[in-house]
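Remarks on the structure that follows.
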Amino acid sequence: MRKQLKQQIERLKAQRATYIDVRWYPYEETNQYLIWNGNLKTTAAARESGIGVRVLYQGAWGFSASSDLSNLSPIFDQAFENARVAAQRVTFPVRLAEKDSIQAQFNTPVQISPFDISLETKVAFLTDIDTKLNQTNVAQRICGLDFVRKQIIFLDSDGSEIEKNIQDVFSSMAVTGLDEEGNMHDRTFNLPRIGSSRGWESIDPILFHENADRIVKEMNQMLTAKQCPQDNRSVILLPGIMYLQTHETIGHALELDRILGYELAYAGGSFVTLEDFGSLRYGSEKLTVRADATLPNSPGSFGYDDDGIEAQNNLLIDKGILVGAITGRQMVEEANAKAKREIFSASSGANRATSFYRVPIERMTNINIDSGSDGTLEDIIKNTEKGIVLDGDRSWSIGSNREQFHFGTEMGWLVEDGQITDVVKNATYQGATVDFWNSLTAVGDQSTWQVHFVDNCGKGQPNQVMQLGHGIPVCRFDNVRIGE
Ligand SMILES: [Zn+2]
């Protein structure tokens, strides 16, 4: 098959196509299991395979995909034909940043493949956790397992040949209770990155048991908690909400295609402009953010992107100053041309497609915040006069250009004079993105740093769901509006 694909690439090259690449998925498999109040609600398995072909011709892309690989020529011809038609209409001819020809392989670190585990074992795990969650006041309990494995062979007209074998594991459990007024309160646990591999071995029953007791206890605290106050104070964000803050107001805002206006019709744009790179004070000096696709064991680490660029660890915000973006080969050239200066020297290796039948677009890798020097969570609380500790995402609303946000959290713990006093319900906080990140006054040390996975990031038309990670510490922001 690889030989046939290479022959097709050579055939289009001879017809003066500028660049050709093909992603061949021999297989992509997903398994999903969900238990809901003791009932096995979902056991789903899916499998697909096929190829996606991109052809660049006279500054325009053509794309074609098929799961029928019995006759390859029409798929390649269709992609070329689409490029020819598009070339007559293109307003900004595509140029691709330089890249090396790469022969490589990437394998996700996995000890035990979840696909080798029996259905009985998986259901027994879920039943065990469900039984554990079945405690006083728990009106609803949900526990799920999600597994993905895929092989991707990437070939291009520059001679690259990259094989990727990727596996991902996602798991979560959640409980819901009703307070006196009948309002629902959820408490959720999402499996964070633990250890150095992501196979079945990361589904640790002891970890789930410990956290099951914790989330039920915290949910029960919510049911009798008083209302979150409305005032301005310090907010201390735990990783369970800090990941979403980072995702929505840094990650999405720094996707270069969005900055250039390509997502306006769907998921919105970005307040960031090309002039901002190198000068915008995005946050306080305590804020250093990187797109790190080299982080071991995360769905945002994939070895090589779908442009065939090796995974990188790039600074996005350096001590508060905006210095980088989430980029692919095409957008860096367009951005440099439109800015009339070289902002980006090369692609940052973040162009990814959700499947063989979608084109790659700029996606977050692992958008991480460096841990800081303000100690443990306990230290930060001790050094806070009037604040609130927040955790768990409950609701989110983001400005269409990511310029403001409003988040509701599952949990809120008030802090007065360095001590936690009360638990409060319906906690919310809001802000203007740049002002908020500039009010960052404490960043926790490595003991507070966790990697949270996102398995459902949506972008693009047609929609592409993508998986990634966020490595984040506990952070404190001052003078934030809460409770509205
Ligand atoms: Zn997203």
Side-chain angles (χ1 to χ4, degrees), residues 30 146 148 166 168 170 172 188 190-193 237 239-272 282 289-293 295 298-302 305-306 314 316-317 322 324-328 331 348-355 358-369 392-410 429-431 433 436-437 450-472 475:
T30 56
D146 236 317
V148 183
I166 290 177
D168 280 318
F170 303 100
S172 64
T188 308
N190 292 303
L191 180 68
R193 180 185 73 157
L237 302 186
I241 183 68
M242 194 55 206
Y243 91 93
L244 191 66
Q245 182 73 48
T246 306
H247 185 91
E248 301 293 359
T249 64
I250 292 181
H252 277 305
L254 295 186
E255 293 160 345
L256 189 52
D257 54 349
R258 198 185 288 271
I259 291 168
L260 289 168
Y262 285 101
E263 277 282 298
L264 290 175
Y266 181 51
S270 172
F271 66 89
V272 173
Y282 206 112
V289 185
R290 53 188 78 242
D292 184 3
L295 183 71
S298 168
S301 303
F302 38 80
D305 79 353
D306 292 332
N314 289 308
L316 297 176
I317 297 171
L322 177 66
I326 296 160
T327 67
M331 294 301 158
S348 73
N351 225 26
R352 286 198 285 165
T354 192
S355 59
R358 293 280 183 267
V359 292
I361 52 177
E362 267 122 352
R363 303 307 299 246
M364 289 179 226
T365 57
N366 302 292
I367 307 305
N368 302 345
I369 295 181
D393 54 278
R394 190 178 192 218
S395 69
W396 53 94
S397 173
I398 305 108
S400 60
N401 288 318
R402 310 273 153 180
E403 65 280 66
Q404 321 97 355
F405 62 87
H406 180 283
F407 293 121
T409 62
E410 291 180 346
Y429 70 103
Q430 60 187 297
T433 299
F436 181 77
W437 286 105
Q450 281 184 10
V451 179
H452 277 241
F453 293 169
V454 176
D455 64 349
N456 60 352
C457 177
K459 188 183 170 186
Q461 278 181 310
N463 187 32
Q464 299 197 39
V465 173
M466 191 52 81
Q467 297 76 39
L468 56 116
H470 292 292
I472 57 268
C475 287

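In listed order, ligands and their atoms are each counted from 1.
Residues satisfying the salt bridge (charged side-chain N to carboxylate O under 4.0 Å, His left out) criterion with D305, sequence neighbours excluded, are absent altogether.
K459 is listed as a side-chain neighbour of D257, based on a closest heavy-atom distance under 4.5 Å. Side chains of M242 and I369 form a contact here, defined as non-hydrogen atoms less than 4.5 Å apart.
Using a 30° and 60° split on the angle between ring planes, Y282 and F271 fall in the tilted class, from 30° to 60°.
Of all non-hydrogen atoms in Q450 and P239, the two that sit nearest each other are OE1-CB, 3.8 Å.
Although no hydrogens or angles enter the test, the distance criterion places no donor-acceptor pair under 3.5 Å between the side chain of R363 and the main chain of E255.
Near-neighbour remark for the Zn ion (ligand 1): protein N, O or S atoms under 2.8 Å are H247 NE2, H252 NE2, C457 SG; waters not counted.
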